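To start, the structure itself, in structure tokens.
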Protein chains: 2
Amino acid sequence: MTNPMDQLPARQQQALKTRQKLLQAGKEVFLENGFQKATISQVIKKAKTGYGTAYVYFKNKDELFITLMEDLMNLFYKVAEMPFMPQTKEEAYENIKKQVRMFLQLALDERDMMKIVKEAIGVSPEIDHKWYMIRERFIERILVDIRYAQAQKLAKERLNPALTARGWFYSNEMFMWELVMNKDKYKLDDVIVNLTSMYTGGLYE
Amino acid sequence: MTNPMDQLPARQQQALKTRQKLLQAGKEVFLENGFQKATISQVIKKAKTGYGTAYVYFKNKDELFITLMEDLMNLFYKVAEMPFMPQTKEEAYENIKKQVRMFLQLALDERDMMKIVKEAIGVSPEIDHKWYMIRERFIERILVDIRYAQAQKLAKERLNPALTARGWFYSNEMFMWELVMNKDKYKLDDVIVNLTSMYTGGLYE
DNA sequence: TGTTTGATTGACACTATGTCAATGATATAA
DNA sequence: TTATATCATTGACATAGTGTCAATCAAACA
């Protein structure tokens with residue numbers, strides 16, 4: 001047994017346990033009620049702690065939710081950091097398609113939580129900022145990829161790489177939300193292929 | 001004088017005037033404080049009416065804001081309905097560019113209000129739905145255009161027109177918000193050209 | 001065992017919402 | 001002109017949530 005809690009004095013163990021109880025209860029309350037309708041009162045009730053206790057561990061509802069979000073966000077960061085070094089246009093297409101699939105699939109795997117995240121982004125400036133950071137990290141990464149493709153003479157050099165990277169991420173993000181909110185309206189594969197084809201080849205002959 | 005109010009009995013005139021006072025005060029309060037921080041109390045104070053009066057004319061803060069939004073939304077509908085019947089790829093490019101410019105310019109002209117709209121979309125499901133309708137109207141219109149271009153053999157027929165229309169609107173919308181929230185970060189013309197070029201021609205050679 | 005430290009608590013002050021019975025002003029009918 | 005009906009207006013009230021803090025309780029330590 002190497003549970004890190006074993007080494008701590010009983011009092012800190014208790015504190016950690018209380019914190020965990022609040023997080024677990026918080027997750028349940030958020031999933032059941034959505035972000036706006038969830039209240040601290042519901043959380044403490046479910047966690048079976050006193051009212052003030054929640055405020056000892058988290059500044060407010062937003063901070064509690066951000067803590068819950070963090071693991072999820074790290075998964076997104078991982079996808080953003082995927083390597084990209086194609087030698088041909090075809091290889092680029094396959095690579096891009098793969099990354100799009102990973103991004104969308106991750107969002108769908110965490111669908112219930114992502115729905116709450118979307119709601120929370122609109123309501124809480126702190127959470128909005130958190131998502132903004134993820135977005136910029138993706139865009140930064142795409143920018144590197146586009147510059148690489150341009151240097152390799154694979155991609156059109158007259159396009160502004162920064163704007164192109166941003167636009168490309170935006171398309172992905174919006175379809176991601178659409179899939180999360182409205183899972184059965186689209187076939188995932190169709191979305192991936194169309195997105196990637198449009199990006200690499202454009203609409204007109 | 002053909003002011004429609006002249007023909008109404010004095011009592012209804014008074015009622016309309018009170019409603020107008022509330023709308024005007026509401027607009028000021030929203031612009032000064034943003035959507036979330038604005039309160040009904042601030043509005044009635046500015047409108048110099050009793051507290052309950054606001055609730056006579058509007059169900060709640062959301063409804064009051066939606067009423068304020070409506071004129072703005074009609075301007076967007078106008079842009080969505082622009083005709084599109086190009087004969088050549090070049091003509092299509094110019095047409096599209098023009099519509100993109102009108103869309104982005106409109107949002108920038110109404111920048112202060114659009115900022116509040118963005119905030120309100122995240123907070124209020126009713127307002128979110130209102131924006132959703134505008135979005136779908138644009139996408140519907142783009143879909144017609146794409147089908148037309150495909151029928152004319154200008155656009156690639158293997159692309160899914162519904163998904164392509166959606167993706168294209170999403171890119172426009174996201175850059176619109178980016179410009180509204182962050183006006184000086186980008187040059188409008190660069191955004192328009194890059195957006196349109198990507199859409200019509202894609203990234204890869 | 002007594003003392004200190006820090007985790008836990010719920011009562012409290014505060015802010016906002018939406019409702020409603022009472023009030024007041026205008027329209028209508030006698 | 002006056003009496004009555006109608007409807008706009010009002011603010012006090014019930015309700016619901018937030019965040020704070022002084023008091024309490026239990027573990028750690030000397």
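Throughout, a chain's letter reflects where its sequence line sits, starting with A, and its residues are numbered from 1. The structure displayed is predicted, hence computed values, not measured ones.
- One can place CD of B:Q12 at 9 Å from P of D:dC7, the figure rounded to the nearest angstrom.
- The cationic group of A:R166 does not satisfy the cation-pi geometry with B:F175, failing either the under 6.0 Å distance to the six-membered ring centre or the 45° limit from the ring axis.
- Judged by distance alone, the side chains of B:N74 and B:E70 never bring a donor and an acceptor atom under 3.5 Å apart.
- In this structure, B:Y55 atom OH and C:dA16 atom P are separated by 11 Å, rounded to whole Å.
- OP1 or OP2 of D:dT9 has at least one side-chain nitrogen or oxygen of B:T18 nearer than 4.0 Å.
- Atom pair B:L22:CG and D:dT9:C1' shows a separation of 11 Å (rounding to whole Å applied).
- Proximity note for A:T39 (side chain, C-beta onward) versus D:dG17, D:dA8, C:dT17: the nearest is D:dG17.
- Using modelled atom types and a 3.5 Å distance limit, the side chains of A:Q20 and A:Q24 yield no donor-acceptor pair.
- Applying a 4.0 Å cut-off to non-hydrogen atoms, none of the residues of residues 122-130 of chain B approaches DNA chain D.
- For the pair B:Q20 CD and D:dA8 P, the computed distance is 16 Å after rounding to whole Å.
- Between the side chains of A:E173 and A:W168, no donor-acceptor pair is found at a separation under 3.5 Å.
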Identify all pairs in which a protein N or O lies below 3.5 Å from an N or O of nucleotides 11-14 of chain D, and state each distance.
from: D:dG11; atom 1: N7; to: B:G52; atom 2: N; distance (Å): 3.2

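- D:dG17 atom P lies 13 Å from atom CD of A:Q36, rounded to whole Å.
- With a 4.5 Å cut-off on side-chain heavy atoms, B:K17 and B:Q13 do not count as touching.
- Geometric assessment of B:R135 against the ring of B:F169 yields a negative cation-pi assignment under the 6.0 Å and 45° thresholds.
- Ring to ring, B:F103 and B:F76 are close: their centroids are under 6.0 angstrom apart.
- Between B:E126 and the options B:D62, B:I121, B:N60, a side chain to side chain contact (heavy atoms under 4.5 Å, CB included) holds for only B:D62.
- Protein atom CG of A:N60 is 9 Å distant from nucleotide atom P of D:dT20, rounded to whole Å.
- For the side chain to side chain contact (heavy atoms under 4.5 Å, CB included) test with B:K115, the passing option among B:R111, B:E119, B:M113 is B:R111; the others fail.
- Nucleic acid contact class of A:Y57 (heavy atoms, under 4.0 Å, all strands): sugar-phosphate only.
- Proximity note for B:V56 (side chain, C-beta onward) versus D:dG19, D:dT18, D:dT9: the nearest is D:dT9.
- B:K37 places its NZ atom 18 Å from the P atom of D:dT18, with the value rounded to the nearest Å.
- Between the CD atom of A:Q42 and the P atom of D:dG17 there is a distance of 7 Å, given to the nearest Å.
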